[in-house]
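Right, I'll just put the structure down here and ask away after.
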Amino acid sequence: MHLGVNVDHVATVRQARMTFEPDPVMAATLAILGGADGITVHLREDRRHIQDRDLRLLREVVPVELNLEMAATDEMVRIAIEVKPDMVTLVPEKRQELTTEGGLNVIEQKEHLKEVIQRLHDAGLPVSLFINPHPMDIDVSKEIGADMVEIHTGMYANAKGDHQRHELLRVIEAVKFAVDVGLKANAGHGLTYYNVRPIAEIEELRGLYIGHSIISRALLVGIEQAVREMKALIE
Ligand code: PXP
């Protein structure tokens, strides 16, 4: 199972003081030594954590998959085409949110997303869409040319008891359906050392994208160790 480690929170701590430390580029290197198969950063419009400089340096030093999460805007498309990450994950973005709150509204934004995917494809960049576990969103993702989808696991992560089992089934069905229609399927958001196991057991899944929980553990045990522990769990 591919593990993409999101290092945005390292930059969040740095930006709290507008200083040079901790450096997400160093964190990425150590995460890779701990077994990360990829590094993810979300360059937000307001640059609240990751900066353009981080992305450029990561492109130079990350030998594994560099996944750029971004909103489907002209500015971000220009940056992606210039920096050339290994893949782009399109996500919805709202200024007021603490983190990405839901999947893309692929139905409402169908034509716009189709055009953005085409521009990224023309530059040779594979595209993943971050979507809710709905069959209709998967159909539309396929129709507009996405290569992959990342199924939002936030509802699963936030639910309890029977409700959580219901949300797990929705994720499982969405992953299977995505693979059936010919998309690669990933999952992410809200996954922790305590809730990841049932998701990691989904055979059709290509990979998991995890940030908060790994970086939180890294504060206590170091990032190499935190990544190693997550990698062992999901294998
Ligand atoms: N996948 C996507 C598309 C995200 O936006 C995020 C959060 O930046 C994650 C995965 C990681 O979520 P978490 O930090 O809750 O592990």
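Note that ligands are numbered from 1 as they come in the structure, with each ligand's atoms numbered from 1 the same way. In this chain, numbering begins with 1 at the start of the sequence shown. Scope of the values below: all heavy atoms of this structure, side chains included, with no hydrogens, waters or symmetry mates. Keep in mind that this is a model prediction, so the values were computed, not measured.
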Side chains of Glu150 and His189, donor plus acceptor under 3.5 Å
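Judged by distance alone, the side chains do not pair up.
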
Taking the six-membered ring for Trp and the full ring for Phe, Tyr or His, determine whether the centres of His49 and His9 are under 6.0 Å apart.
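No: the rings miss the under 6.0 Å criterion.
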
* Is it true that Ser213 lies under 4.0 Å from ligand 1, counting heavy atoms only? ->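 For ligand 1, residue contact (heavy atoms, under 4.0 Å) with Ser213 is absent.
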
Report task. Return yes or no for this condition: an N or O of Tyr209 is under 3.5 Å from an N or O of ligand 1. Result -> no

Near Glu150 (heavy-atom distance under 4.0 Å), the atoms of ligand 1 are 1 (N), 2 (C), 3 (C), 10 (C)

Go through ligand 1 atom by atom and flag the ones less than 4.0 Å from a non-hydrogen atom of Val91.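 Answer, ordered by atom number: 3 (C).
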
TODO: Could you tell me whether the side chains of Thr40 and Asn67 share a donor-acceptor contact shorter than 3.5 Å?
DONE: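 Looking only at side-chain atoms, Asn67 and Thr40 do form a donor-acceptor pair, the distance falling under 3.5 Å.
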
Near Gly211 (heavy-atom distance under 4.0 Å), the atoms of ligand 1 are 11 (C), 13 (P), 14 (O), 16 (O)

Is it true that the side chains of Asp8 and His212 contain a donor and an acceptor less than 3.5 Å apart?
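No pair is found: no donor N or O on one side chain lies under 3.5 Å from an acceptor on the other.
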
If you compare His42, His49, His189 by their heavy atoms, the one closest to atom 12 (O) of ligand 1 turns out to be His189

Can you find an N/O atom of His212 closer than 3.5 Å to an N/O atom of ligand 1?
yes

CD1 (Ile210) and CE (Met230) are apart, to the nearest 0.5 Å, by 4.0 Å

